[in-house]
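Take a look at the structure below.
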Amino acid sequence: MFKTIVVGYDGSEQAKKALGVGKTLAKLTSGKLLIVSVVNVCFAYDSSTLPLNDSIKAMKEKALNDVNSAVEKAKKEGLEAEGIVTEGDPASTLIDIAEKRGGDLIVTGNRGLSKLKRAVLGSVSFNVVEMSKVPVLIVK
């Protein structure tokens, strides 16, 4: 059924819930987890004194640490897991990875943005559902 499960992961509580569901499904189906963190460099600039390149580097390092930790924990649970850290638009990148890597399911958390924030920022989970040809599971 679900042999390759792509989990969108950013280290947040919602992402941890999504990863938990992905792990459960992988155990039930003897599937492989692709734990993916997509760094959205469009939103990398902040009002701190860090130059933009340093901000992007820090975001990538955090993503790599989060994903490596998640992969290590999944492997300790006896699961086949691989981590991927990349940059781009989170929704379209998750979909692209799922399609190129034979993903049978995309699992993502739901951040629960307000209507205003969702209108301004867009919702990754909503965009994944709208654009994906692969089944999508949103975990609340």
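No hydrogens, no waters, no symmetry mates; every other heavy atom, side chains included, goes into these values.
Taken from CG in Leu33 to CG in Leu19, the straight-line distance is 6.5 Å, to the nearest 0.5 Å.
Put simply, the side chain of Arg101 does not reach to within 4.5 Å of the side chain of Val6, judged on heavy atoms. Within the 4.5 Å cutoff, the side chain of Lys27 has heavy atoms near those of the Leu79 side chain.
When atom types are taken as modelled, the side chain of Thr29 and the backbone of Phe2 share a donor-acceptor pair closer than 3.5 angstrom. Counting only distance, with no hydrogens or angles, the side chain of Thr93 and the backbone of Asp89 share a donor-acceptor pair below 3.5 Å. Judged purely by atom type and a 3.5 angstrom limit, Ser37 uses its side chain to pair as donor or acceptor with the backbone of Tyr9.
Under a cut-off of 6.0 angstrom, the local environment of NZ in Lys73 is sparse, with at most 12 non-hydrogen atoms contributed by other residues, nucleotides or ligands.
The shortest heavy-atom contact between Val7 and Gly22 is CG2-CA, 4.3 Å. Smallest separation of non-hydrogen atoms from Met131 and Ile95: CB-CD1, 3.5 Å. Counting all heavy atoms, side chain and backbone alike, Gly102 lies closest to Thr4 at O-CB, 3.5 Å. Ala91 approaches Val124 most closely through the heavy-atom pair CB-O, 3.9 Å. Across every non-hydrogen atom of Ser125 and Gly109, the tightest pair is CB-O, 3.8 Å.
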When the side chains of residues 132-140 are checked against the rest of the protein, which donor-acceptor pairs come out under 3.5 Å, sequence neighbours left out?
from	atom 1	to	atom 2	distance (Å)
Ser132	OG	Val134	N	2.9
Ser132	OG	Val134	O	2.7

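One finds no salt bridge joining Lys75 and Glu72 here, because no Lys/Arg side-chain nitrogen approaches an Asp/Glu carboxylate oxygen to under 4.0 Å.
Under the 4.5 Å side-chain heavy-atom criterion for grouping Ile, Leu, Val, Met, Phe, Trp and Tyr, Leu28 is not connected to Val107 through any hydrophobic cluster.
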